[in-house]
Structure formats: structure tokens, C-alpha cells
Amino acid sequence: MTTDSNPLGTFLRDRRSRLDPAVFGFSGRRRTPGLRREEVAQRANISPTWYTWLEQGRGGAPSSDVLNRIANGLMLTEPEREHLFMLGLGRPPEVRYRAIEGISPRLQRLIDTLEVSPALVRTAAWDIVAWNRAATVVMTDYGKLAPEDRNVLRLLFSNPGVRNVQHDWETVARFVVGAFRADAARAGATSEVADLVEELCRTSPDFKRIWQENEVISHGEGTKQLRHPVLGDIELEYSGFAIDGRPDLNMVVYNPVNPDVAERIRKLVAVTRP
């Protein structure tokens, strides 16, 4: 059994050999498939000599900026980019926040199977981008809100209806703000949420007061109590789940704590189904 003495170079050569030169406007006869070294360097906007040294295992460790340029030049997927960083620097790349407007149809179908368990998918900025029917009847009818209003913090601090259904609004608000702060930092979205934080500090004294306390909270699982206008007082257990490959997304599923609550939700979902 042999070991590769230059795994970074091997990986780079393999990935450039998979690219079609014609797609990128390169022509000419070639002895080997894929892009030439100088073509990858051109696409990555780096020195051809420096790129050649990387493939040959010379020149020392590359910078993260160089690796990002090479990843873009080679059209690497996100897992391939992470692997490139592990080979080149021994660590994963810095988290890059990507704003999205929705989720995959497969993930939507998954949460739709949860008949009595409200399920939400939210971004690191706590924008709700997907929900199921149970969430509509138990939490909020997000479909009736403008996209910019489907934000948990805006709803909690600016919507009296959402505030009034919380059993202990102060505790909930502190928890949400602390978890929001942690999520935004983890996903590299601190600058992206700056406008939202500024807006809420300006419009909500409560948010400004809690935000300035600088609490950071983990939100893996717990319980939530609501004073629902139709269902009455209900208690739900919630669990948060990371979505593989998307550090900016989080799925939260709320389960009824007893069969009676589950049956009440099932009946409400049935009578309100379009």
C-alpha cells in the first residue's frame, strides 16, 4: 500500500483534467485531457509559476485567497472546495454566508410529511424560508406575509399577535436574540444582519435592551408553550437540525408533548386545509 506524497497536487491535477477547455474558450491540440496549468492560473488570476509549484508540491502553503481563486477557477463544488482547503492548509475554509430564497423540493416534501409537527427552515438571519401546514395553523400563516416580514425577530418584537401568544415573552425574546447572535456569527453572516439589528434597535426598545446584553445561546432542543387562539394552551418539544452543506440553514421541528395536543392539531390542519 502506497501513500501520496503530494495529495494537493494530485487533487488539482485530477480536477483540471475533468474540465472541458472548449467550455472556457480555450482551443488547441492537447496531449492530455482537461485544462493546462497556465489556463487554470489564468482563470484563477494567479501566477502560472506559482500554480505549477503548487501542483509539484513546492513553494510552501498557499493562502486562503489563492485557494479560493483556484476553487473558482476549477469550478469546484462546496465539498471539493472544503477538501482543497484541508489539503492545502489543514483546515476547512472560512464560512461564507449565502442568502437564499427557498429550499430544495426534496426538503419541502420531507417537512410536509410531518402532519401534526410544525416544521420550519430558517436562515442564519432567522428568515423563515420554508414551513409545513402544521406550522401555518400552529405558529403563523407565513404564506400571507411579505418575504421581508417572515423574520422571527421582526415577528417577535414588532407583531403584537405573535408577542401575545407567548407564555413568557421575556424569556422567549432573550433566548431568540442570544441564539440569533450565535447563528449569525457561526454562518459568517454578521455583516449581513447588521441592517436588521440596526432596524430593530431603532424600532424596538426591548430588542435594543436585550441585544446590548451580548448573550450567546445554543438552541439545540427544548420546549415551547403557546396560548393559541383556537387550540388553547399547548406545549411543544422542539429540536433543531443542521442541513448538511448549508451552515446558513437550520430546520426546527416542534412535536406535541401529548396525544391530546397532537389530535387537536390534526383536526385543525384538516378543517383549514385549502
Side-chain angles (χ1 to χ4, degrees), residues 1-24 26 32-37 39-46 50-57 59-111 119-127 129-130 182-192 218-220 239-253:
M1 184 174 180
T2 61
T3 58
D4 190 343
S5 60
N6 181 21
L8 175 61
T10 300
F11 182 69
L12 292 173
R13 287 192 296 272
D14 177 77
R15 287 309 181 268
R16 70 178 170 87
S17 72
R18 301 184 183 200
L19 298 178
D20 183 357
V23 172
F24 304 101
F26 298 120
T32 57
L35 299 184
R36 299 187 178 104
R37 287 171 175 167
E39 292 168 343
V40 175
Q42 178 182 334
R43 285 183 46 77
N45 194 27
I46 61 175
W50 176 234
Y51 179 79
T52 299
W53 285 356
L54 282 180
E55 283 203 1
Q56 295 174 345
S63 67
S64 60
D65 178 62
V66 166
L67 291 182
N68 275 321
R69 293 186 185 190
I70 293 174
N72 292 334
L74 291 173
M75 305 289 289
L76 298 187
T77 64
E78 197 62 27
E80 289 172 338
R81 175 175 169 267
E82 181 174 345
H83 186 64
L84 176 67
F85 267 74
M86 294 301 298
L87 294 177
L89 295 176
R91 60 168 177 80
E94 299 85 358
V95 175
R96 298 186 301 180
Y97 179 69
R98 296 178 294 168
I100 68 165
E101 295 182 354
I103 62 171
S104 69
R106 177 177 296 181
L107 184 54
Q108 183 66 58
R109 289 192 294 270
L110 171 64
I111 63 176
L120 305 169
V121 178
R122 66 172 184 246
T123 69
W126 284 50
D127 291 320
V129 294
D183 276 357
R186 186 182 303 112
T190 303
S191 61
E192 283 77 8
S218 174
H219 59 90
S239 299
F241 302 91
I243 297 177
D244 190 34
R246 295 303 305 269
D248 54 324
L249 292 181
N250 185 267
M251 179 171 68
V252 184
V253 178

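For the numbers below, each heavy atom of this structure counts, side chains included, while hydrogens, waters and symmetry mates do not.
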(Q) If the condition is side chain to side chain donor-acceptor pair (under 3.5 Å), which residues does R43 pass it with, not counting sequence neighbours? (A) none

Q: Quick one: list whatever passes side-chain contact (heavy atoms from CB on, under 4.5 Å) with L19, sequence neighbours left out.
A: F24, L35, L74

**Q.** Flag for N72-R81: side-chain donor and acceptor within less than 3.5 Å
**A.** no

Q | Pairwise salt bridge (Lys or Arg N to Asp or Glu O under 4.0 Å) hits with a residue in residues 82-91, at least two apart | A | R91-E94

Q: Sequence neighbours left out, what passes salt bridge (Lys or Arg N to Asp or Glu O under 4.0 Å) with D65? Give chain and number order.
A: R69

Q) What residues, two or more places apart in sequence or in another chain, satisfy salt bridge (Lys or Arg N to Asp or Glu O under 4.0 Å) together with R109? A) none

Q.
Using the side-chain contact (heavy atoms from CB on, under 4.5 Å) criterion, which residues pair with A61? Sequence neighbours excluded.
A. L89

Q | Nearest heavy-atom neighbours spanning V253 and A119 | A | CG2-CB, 4.2 Å

Q. Of all residues at least two apart in sequence or in a different chain, which pass the salt bridge (Lys or Arg N to Asp or Glu O under 4.0 Å) check with E80?
A. R15

Q) What pairs with N45 under side chain to side chain donor-acceptor pair (under 3.5 Å), at least two apart in sequence or on another chain? A) none

Q: Locate the shortest heavy-atom distance separating V66 from W50; write the atom from each residue and the value.
A: CG1-NE1, 3.6 Å

Q: Find the distance between CG (L8) and CZ (R13) and round it off to the nearest 0.5 Å.
A: 9.0 Å

Q) So how far is it from I46 CD1 to Y51 OH, rounded to the nearest 0.5 Å? A) 7.5 Å

**Q.** With Q42 via side chain to side chain donor-acceptor pair (under 3.5 Å) - residues at least two apart
**A.** none

Q | Rounded distance [0.5 Å steps], CG in L110 versus CD1 in I103 | A | 8.5 Å

**Q.** Non-hydrogen side-chain atoms of L76 and I70 separated by less than 4.5 Å
**A.** no

**Q.** Euclidean distance, L249 CG relative to R122 CZ, rounded to 0.5 Å
**A.** 10.5 Å

**Q.** Min side-chain heavy-atom separation P62-L54 under 4.5 Å
**A.** yes

Q | Interatomic distance, T123 atom OG1 to D183 atom CG [nearest 0.5 angstrom] | A | 9.0 Å

Q: Using the test side-chain contact (heavy atoms from CB on, under 4.5 Å), find all partners of A184 that sit at least two apart in sequence or belong to another chain.
A: V193

**Q.** Spacing of CD1 belonging to I111 relative to CG belonging to L120, to within rounding of 0.5 Å
**A.** 7.5 Å

Q) If we only count heavy atoms from C-beta on, is the V40 to E55 side-chain gap below 4.5 Å? A) no

